[in-house]
Structures are given as structure tokens and as C-alpha cells.
Amino acid sequence: MARQKTKLIGQEGFDSYYGALFGERWGGLRNALLSEPLYAEWSGGGAETYYLDPGSVLVAFALPLQGATHILDLCAAPGGKTLILASRMDKNATLLSNDRSAARKQRLTKVCDSCLSPEIRERVTVTCSDGATWCLRQSNCFDRILLDVPCSSERHVLSDQKYLAEWSPNRIKSLSIEQWALLSSAYRMLKEDGYLIYSTCALCKTENDDVVHRLFKKFDGVECCQVDFDELYTSVPDSLHLPGVEKTEYGYHILPDVQNGAGPLFFSLIHKIK
């Protein structure tokens with residue numbers, strides 16, 4: 001009689017799945033995910049400062065903004081990366097910051113209102129709609145796009161027994177489909193010679209490199225750019241330097257077991273060649 005295949009669900013399935021992905025590294029990585037996250041303080045010139053993962057700061061700084069006038073943060077809530085993009089953009093640039101959730105959009109608006117200077121805030125527009133459908137109405141219209149997609153967010157899953165008990169690999173599969181819909185929409189809206197960052201806080205290649213790989217299969221003119229971290233670090237405080245960021249096939253992975261608690265964050269810098 002054939003042995004029944006064990007279903008990968010709940011905490012046991014979670015550990016089995018990621019243990020197979022990371023091998024002997026998983027124990028240390030798991031402990032790092034359960035440790036206190038590392039936070040960086042960011043000021044956008046408003047009445048309040050904002051706290052976010054140092055890796056998120058690097059992701060937002062990795063998007064080249066010089067010369068860009070129309071910038072989009074497509075899945076922007078809660079707003080940390082929007083604050084950094086808004087603070088960095090040229091004085092003649094505008095930023096459209098969107099989230100599909102009405103509740104999260106309210107939080108995003110509050111963050112922009114309280115953490116940005118009035119001069120910058122007036123050039124930031126906050127909207128609420130599903131970014132995966134935007135390409136049906138417009139294309140080739142943004143110089144720069146930051147796309148931080150909904151993802152497995154394993155750090156949050158591990159810290160919540162309810163979500164951990166409900167976990168299964170099916171969630172990764174369904175999220176990767178959603179992520180591709182968002183990325184393909186964003187890429188269609190990107191102008192030629194424009195730059196896009198695709199990012200997640202996921203561990204799994206299925207949600208990271210594999211989603212970016214689909215761009216190369218679907219579109220011509222896709223280029224993944226190398227990030228010069230030495231140059232990048234000249235723009236951020238020493239406390240935000242994360243040496244040893246790990247290279248992947250199409251991007252970079254910041255993992256908390258080697259970055260003193262920062263991450264996990266994956267990002268890929270994509271160029272739409274003319």
C-alpha cells in the first residue's frame with residue numbers, strides 16, 4: 001500500500017518547508033526571525049518621525065530618482081518607503097502613493113500628513129485602488145515605480161500562533177500569482193528607460209526571483225541592474241549600512257540571521273530598456 005504523503009500545514013509544515021529551503025541555516029534564521037526586529041528612524045521633515053526596517057530604507061534608496069518627475073509607490077501602506085521616496089525626489093517631481101485597502105490607505109494618509117513637511121506633502125497624492133488593474137487604463141506613464149507587494153511575511157507568521165497554525169504552501173502559490181499580476185501591471189506602466197523596484201519581505205524564491213523571472217519570459221527589454229552598495233551607503237547614515245547583503249539570481253536578499261535582525265527583504269532593481 002502506498003504511503004500517504006504528509007501535508008505541509010501548520011507549524012510542523014512551516015518548519016519542514018523552510019528547513020528544506022535553507023538546510024542547516026534554518027535553525028539560526030528561524031531564531032533571528034523570532035528575535036526583536038531592528039528599526040531605523042526616518043524624518044521626512046514633518047511633526048513626527050517614522051520607524052522602519054533598515055532594509056526598507058536601503059530598498060527605497062536603491063531606486064534612482066534623479067531626473068524622475070512622475071513617481072509611483074503602487075502598494076504603499078503603511079508608508080515608510082513613501083516617506084523616503086518623497087524626501088529624496090527632485091523638487092519638480094510628484095509622487096503617487098497607492099494602496100488597495102481603504103483602511104490601510106487611511107493609515108498611509110495619516111503617515112504622510114504627520115511625517116512629511118508641508119512643502120513635500122503637497123506633491124504627494126494618496127489613492128486607493130487595485131494596482132493590478134491600473135495597466136488596463138494607462139501605460140508608459142511613470143518614470144520610477146516602487147512595488148512592495150503583499151507577501152508571505154514569514155516573520156509575522158512565526159510571531160502569531162493563529163497564522164502559523166493556518167499556514168500552508170498554497171498561500172505561497174496564491175501570493176505569487178497576485179504578485180505577478182501587480183508586477184506585470186507596474187511594468188506596463190513604466191516608461192521606457194524607467195526603473196522599477198520589485199520587493200517583498202518573503203523568504204521563498206517562488207515569491208522573489210521566480211516572479212521577476214516571468215518578466216523576462218513575457219517582455220522584451222527587461223534588464224536587472226546591479227546595485228552599487230558602496231555608493232548607496234554614501235547617502236545613508238552609518239547605522240543603516242548592511243554589509244554582506246546576499247546576491248540572488250535577479251536581486252538581493254537581506255536576511256536577519258546575518259544582518260543583526262534586519263529583514264527579511266528581497267528586492268530587484270529593474271530597468272525598462274528603450
Side-chain angles (χ1 to χ4, degrees), residues 2-40 52-59 62 148-180 197-214 216 224 226-230 232-233 238-269:
R3 185 177 180 180
Q4 187 177 7
K5 188 175 180 180
T6 303
K7 290 185 178 180
L8 293 172
I9 58 173
Q11 180 174 333
E12 184 177 348
F14 184 94
D15 282 322
S16 179
Y17 184 88
Y18 289 101
L21 286 180
F22 288 94
E24 294 182 356
R25 183 179 182 180
W26 175 237
L29 179 55
R30 190 185 195 281
N31 288 337
L33 291 167
L34 286 167
S35 67
E36 186 69 24
L38 186 63
Y39 288 106
L52 71 168
D53 191 293
S56 294
V57 180
L58 292 188
V59 169
D148 185 22
V149 295
C151 68
S152 286
S153 189
E154 290 91 348
R155 186 164 206 158
H156 296 295
V157 172
L158 263 179
S159 63
D160 190 307
Q161 289 300 313
K162 176 180 179 293
Y163 289 126
L164 187 58
E166 296 172 350
W167 181 89
S168 84
N170 288 334
R171 176 160 172 76
I172 295 172
K173 182 178 180 180
S174 62
L175 280 166
S176 69
I177 294 170
E178 179 182 354
Q179 291 156 355
W180 167 244
I197 278 188
Y198 172 81
S199 68
T200 81
C201 55
L203 296 175
C204 185
K205 181 174 177 283
T206 304
E207 298 181 54
N208 297 333
D209 280 327
D210 288 355
V211 177
V212 178
H213 178 68
R214 293 186 66 175
F216 287 84
C224 282
Q226 301 288 324
V227 174
D228 186 339
F229 284 95
D230 290 336
L232 185 62
Y233 289 148
D238 291 347
S239 60
L240 297 177
H241 293 194
L242 300 174
V245 173
E246 298 174 47
K247 185 74 178 72
T248 70
E249 184 178 5
Y250 293 111
Y252 300 89
H253 221 171
I254 299 167
L255 294 171
D257 59 331
V258 294
Q259 296 296 348
N260 298 317
L265 279 158
F266 167 86
F267 71 99
S268 176
L269 176 58

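The structure presented is a predicted model; accordingly, all values stated were derived computationally and were not measured. Numbers here simply count residues along the sequence, with the first being 1.
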Give a yes or no on whether the backbone of [Y] and the side-chain of [X] come within a donor-acceptor separation of less than 3.5 Å.
X: Glu207; Y: Ser176; value: no
X: Asp53; Y: Gly263; value: yes
X: Arg155; Y: Ala32; value: yes
X: His253; Y: Glu246; value: no
X: Arg30; Y: Arg25; value: no
X: Asp160; Y: His156; value: no
X: Gln179; Y: Val149; value: no

So, applying side chain to side chain contact (heavy atoms under 4.5 Å, CB included) with Trp26, which one of Asp15, Asp257, Leu21, Asn31 is it?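 The residue from Asp15, Asp257, Leu21, Asn31 that satisfies side chain to side chain contact (heavy atoms under 4.5 Å, CB included) with Trp26 turns out to be Asp15.
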
For Val245, the option from Ile254, Leu255, Leu232 that meets side chain to side chain contact (heavy atoms under 4.5 Å, CB included): Ile254

Are the side chains of [X] and [Y] in touch, meaning some heavy atoms are under 4.5 Å apart?
X: Cys224; Y: Val212; result: yes
X: Ser152; Y: Leu175; result: yes
X: Leu52; Y: Tyr39; result: no

With a 6.0 Å cut-off on ring centres, are Tyr198 and Tyr250 close enough? no

Which is it for Gln11 and Gln161 under the side-chain contact (heavy atoms from CB on, under 4.5 Å) test, yes or no, and what are the steps along the way? CA-CA 8 Å; Gln11 180 174 333; Gln161 289 300 313; 4.0 Å; yes

Any residue meeting salt bridge (charged side-chain N to carboxylate O under 4.0 Å, His left out) with [X], in chain and number order, not counting sequence neighbours:
X: Asp210; answer: Lys205
X: Asp209; answer: none
X: Lys247; answer: none

Relative to each other, are the rings of Trp167 and Tyr18 parallel, tilted or perpendicular (30° and 60° limits)? tilted

For a quick test of reading the model, state the closest non-hydrogen atom pair linking [X] to [Y] and the distance between them.
X: Leu240; Y: Ala40; answer: CD2-CB, 3.2 Å
X: Leu203; Y: Pro264; answer: CD2-CB, 3.7 Å
X: Gln259; Y: Pro243; answer: NE2-O, 2.9 Å
X: Ile197; Y: Val59; answer: CD1-O, 3.2 Å

At what distance, to the nearest 0.5 angstrom, does CG of Leu265 lie from OG of Ser199?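 Rounded to the nearest 0.5 Å, the CG-OG separation comes out at 7.0 Å.
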
Between Tyr252 and Gln226: side-chain donor-acceptor atoms closer than 3.5 Å: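 Gln226 and Tyr252 do have a side-chain donor-acceptor pair below 3.5 Å.
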
